[in-house]
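First up is the structure itself, then whatever we jot down about it.
One-based numbering, in listed order, for ligands and for the atoms of each. Position 1 is the first residue of the sequence; numbering continues from there.
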Amino acid sequence: MTIPEVVLNDGYKLPKVGLGTYQLRGGIGYHQIISAIRDGYRSIDSATNYDNEGIVGQAIRDSGVPRDQIFVSSKLPGKYHHYDDALNAIRESLARMGLDYFDLYLIHWPLPKRGLYVEAWQALVTAQKLGLIKSIGVSNFEPEHLDKIISETGVTPSVNQIEIHPYWVNDQRVKENAKRGIVTEAWSPLGRGSSALTEPIVKKLAEKYNKNAGQILLRWHIQRGIVPLPKSTNLDHQRSNLDIFDFELTNDEIKAINTLDREDGRIDGQDPNEYEEFE
Ligand code: A2P
């Protein structure tokens, strides 16, 4: 199965769906990731804070798929926002993965109260020039954080990975990213296995299109121009989460899913302006 791609603002191509690897760890995680790659995943999203860069890299190296055909992402933890720390952390991430370069590296959280994300961004810009990273981006950045790094460095992120699922539709931030030429990736695109998957509207659409609930929600992301990164430990779910390019929801159906949006819909209440991740 060939996964369609979106072209980023730096010219590199990102597969339109990727595997989230939060909590995929150890020997079991290794097998889950390697089977995902063998089933057709060509984008794998990790983070230093997921404590799995070692097995993610090992699975990629052992998969038999050439390195240049897999889009590998990881993320910088909050404790390394100082410029020198960030550069060292990127090299450490690569060493743990056993890879020479990342396709994408993101600042995991902006930590605006700490006020070092511009420094961290400068380190990503340098790492890109050194060839350690092809595309550089951010995660959980609010529009004002985007504007600050763009105005202070002249470099626009290629990607902003944010929380999006039916209880947190996040339309405004998706539009703000698009306005700046930034592709939006969604973390926890299925609402982390919450009741979003059993909402009556989702079940109804699953029946109509002869798809499962996860596929309906992933299609909802795709048609909004968002790149979802569903996580699954279940090999059947993993496979089905790639099989989302042969049907189309109507605009009214997309709007019907949008009505599930909630004021307090964030999974863990993580407001990027408040959330402090110093580990
Ligand atoms: P499982 O590991 O058993 O597949 P998110 O990516 O939003 O964090 O959601 C991950 C959760 O969604 C996991 O609990 C995962 O469970 C579940 N999940 C992933 N894909 C599907 C699917 N196609 N149908 C139902 N549940 C899914």
Self-check item: Shortest protein contact, atom 9 (O) of ligand 1 (heavy atom only)
Solution: R192 CA, 3.3 Å

Quiz item: What about L197: any of its N or O atoms under 3.5 Å from an N or O on ligand 1?
Solution: no

Practice problem: Report, in ascending order of atom number, the atoms of ligand 1 lying under 4.0 Å from any heavy atom of S188. | Solution: 5 (P), 7 (O), 8 (O)

Quiz item: With distance as the sole criterion, is a donor-acceptor pair present between the side chains of N177 and T184 under 3.5 Å?
Solution: yes

Exercise. Give the numbers and elements of all ligand 1 atoms closer than 4.0 Å to a heavy atom of P230.
Key: 6 (O)

Quiz item: Should the proximity of A213 to ligand 1, defined as any heavy atom under 4.0 Å, be assigned to the side chain, the backbone, both, or neither?
Solution: neither

Quiz item: Going by distance alone, is a donor N or O of one side chain under 3.5 Å from an acceptor N or O of the other, for S195 and Y167?
Solution: yes

Practice problem: Taking only heavy atoms of T233 into account, list the atoms of ligand 1 that are under 4.0 Å away from them. | Solution: 1 (P), 2 (O), 3 (O), 4 (O)

Quiz item: How far is atom 6 (O) of ligand 1 from its nearest protein heavy atom, and which residue and atom name does that atom have?
Solution: K231 N, 2.9 Å

Practice problem: Could you check atom 27 (C) of ligand 1 against the protein and tell me its nearest heavy-atom contact, residue, atom and distance included? | Solution: H237 ND1, 3.5 Å

Quiz item: Under 6.0 Å from the CG atom of D68, do we count more than 12 heavy atoms belonging to anything else shown?
Solution: yes

Quiz item: Looking just at side-chain N and O atoms, do D45 and W187 make a donor-acceptor pair shorter than 3.5 Å?
Solution: no

Quiz item: Is the centre of the H145 ring less than 6.0 Å from the centre of the Y117 ring?
Solution: yes

Practice problem: Tell me which one of S232, G191, S240 gets a heavy atom nearest to atom 1 (P) of ligand 1. | Solution: S232

Quiz item: Got I149 and P157 here, is their nearest side-chain heavy-atom distance under 4.5 Å?
Solution: yes

Quiz item: So which heavy atom in the protein is nearest atom 23 (N) of ligand 1, and how far is it from that ligand atom?
Solution: N241 OD1, 2.9 Å

Quiz item: When you check the side-chain N and O atoms of Y209 and E253, is any donor under 3.5 Å from an acceptor?
Solution: yes

Quiz item: To the nearest 0.1 Å, how far is atom 14 (O) of ligand 1 from its closest protein heavy atom, and which atom is that?
Solution: G193 CA, 4.1 Å

Self-check item: Per-atom contacts, ligand 1 versus N234 - under 4.0 Å to a heavy atom
Solution: 2 (O), 3 (O), 4 (O)

Quiz item: H108 vs Y50 aromatic rings, parallel, tilted or perpendicular, using cut-offs 30° and 60°?
Solution: perpendicular

